[in-house]
Novice: 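Please read through the structure below; I'll follow up with questions.
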Amino acid sequence: MDQTGQKRENWGSRIGFIMAAAGSAVGLGNIWRFPYLTGMNGGGAFILIYLFFVFVIGLSIMTAEFAVGRNSGKAAVGAYKSKNKNWTFAGVIGVLSGFLIMGFYPVVGGWAIAYIVKSLTGLTAAPEAIGDTFGAFITNPVEPLAWMALFLVLNVFIVAKGVAGGIEKAGKILMPTLLTILILIAIRGMTLEGAGAGLEFLFKPDFSKVTGATFLAALGQAFFSLSLGMGCMITYGSYLNKEENLPSNAFIVTAMDTGAALLAGLAIFPALFAFGIEPTSGPGLVFVVVPSIFAAMGGIGPVLSAFFFVALTVAALTSSVSLLEVVVAYLMDERNMARKKAVYISSTIMVIMCVLASLSLGAMSGVTFLGVGAFDFFDILTDKIFLAIGGLLLCVFTGWFVNKEDLRKELTNNGTVSFGLFEIWYNLVKYVIPVAIAIVAVAGIMSITQKGLMIFGLAVIFVLGLFSKKL
Ligand code: PFF
């Protein structure tokens, strides 16, 4: 029971939970961001570092988030607060990260919806023209805003329906749809003549391009992609029943997320090389390359392109729903707000942030704060600072402030299921991962250009640490 006397919501089934958690993990991070980061960071070497971070750091943190969430039965802030009031700030940083990510994520979600329509109605042109079309589209002051609004309305609709009725149902239908579409497109791409160069780029590491910034990019991407470091998996874990095996669920979700990212790589790079397009084109990569690939294919190309953007929209939606849920769950748990009211209030503020983020790419591109526009501000602050620090704080909290035997009981369901790696996991979380994140963060921050933004982010965390006991 919570303070309002209502029973806490629960997932309806195991598969429902896995689809929802994997739905949160698999998103724009996998299909939009992973390919362009891989392209910009030299391919195979980046992927190797990324995979190491995912399976050593990411999987351990996801297991910890599930354990803390289910053990406390509370969302991000409540989970920390219920064990130690001094740690409330760590949960607050999480909710703040969710909020900030929702300041740009729906903008890209809106692009994805727009490109379903655009694929079918006239993107069939030369790659340069498609690049120009994308540039003109995202800098237009009105059109992307309308698509972003549509994307946010879909979120509001799903989250307002609640955990089992909305989020879980959406995940169960949308996730299999997404995987099927990606597999079909990957097969088509890999069977093109000249596709082998793409596979080589993806899987043959070139370490000459690796710097401190590459490690920070890979770490940030691991957190972003697995939805870690901001209490999302704590929140989802809090809706889990006591019979679920947490380590095995964490492994399944991590494996699905990694599989989806690699699949997206396979859907894009072989075809990209087959058509002789440059892999380093940045955030526009999927929006320029994918339509170009399919346009060059002729025939049913545009239809496949539309399918790809359906997949991207679907992936984005099941993730943004989880971001919104982190904020909504905080308002429900800690502020006693009714679900619908929490959804409407938080999404209204998100619309305003998204408008700023979208306009920062065009009409308001001259307006900057600490050297960046609103879109980059929300993105860099979360991806490069808040998520990694959120993950570090979670590890320190779990390793040093939660009773070890309580953790063992939580992860083995009171001794009824086995978790043979418990001691290894515990030592990773308590000692190794906090130190590893700290090293990567320091090396990354030294080699990053937006120093002002970094200092600002760290100052925010410090101030929250001082004042957030009241939240
Ligand atoms: N994991 C999502 C993606 O890869 O697109 C983004 C995300 C969702 C990040 C939820 C963080 C989060 F809590």
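The first residue in the sequence is number 1, and the count goes up from there. Every number for a ligand or one of its atoms is a count from 1 in the order of the listing. All values below were derived from every heavy atom in this structure, side-chain atoms included, with hydrogens, water molecules and symmetry-related copies excluded.
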Novice: Has F215 got more than 12 heavy atoms of other residues, nucleotides or ligands less than 6.0 Å from its CZ?
Specialist: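 Check fails, neighbour count at 12 or below.
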Novice: Can you name the residues that form a ring pair (Phe, Tyr, Trp, His ring centres under 6.0 Å) with Y344, not counting sequence neighbours?
Specialist: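 In terms of ring pair (Phe, Tyr, Trp, His ring centres under 6.0 Å), with neighbours along the sequence ignored, Y344 is linked to no residue.
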Novice: More than 12 foreign heavy atoms under 6.0 Å from CZ of F397: is that the case here?
Specialist: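 Result for CZ/F397: enclosed.
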Novice: Only one of Y330, Y236, Y239 forms a side-chain hydrogen bond (donor to acceptor under 3.5 Å, both in side chains) with E325, so which one is it?
Specialist: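 Passing option: Y239.
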Novice: How about CZ on F52, more than 12 heavy atoms from neighbouring residues, nucleotides or ligands closer than 6.0 Å, or not?
Specialist: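 Incorrect, the count does not exceed 12.
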Novice: List by chain and number: which residues place a heavy atom under 4.0 Å from ligand 1?
Specialist: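 Lining ligand 1: S24, A25, G27, L28, G29, N30, Y105, F224, S225, S227, M230, C232, S319, S322, L323.
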Novice: Show the nearest heavy-atom pair for residues G189 and P270, with the distance to one decimal.
Specialist: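 Minimum heavy-atom contact is O-CB, 3.9 Å.
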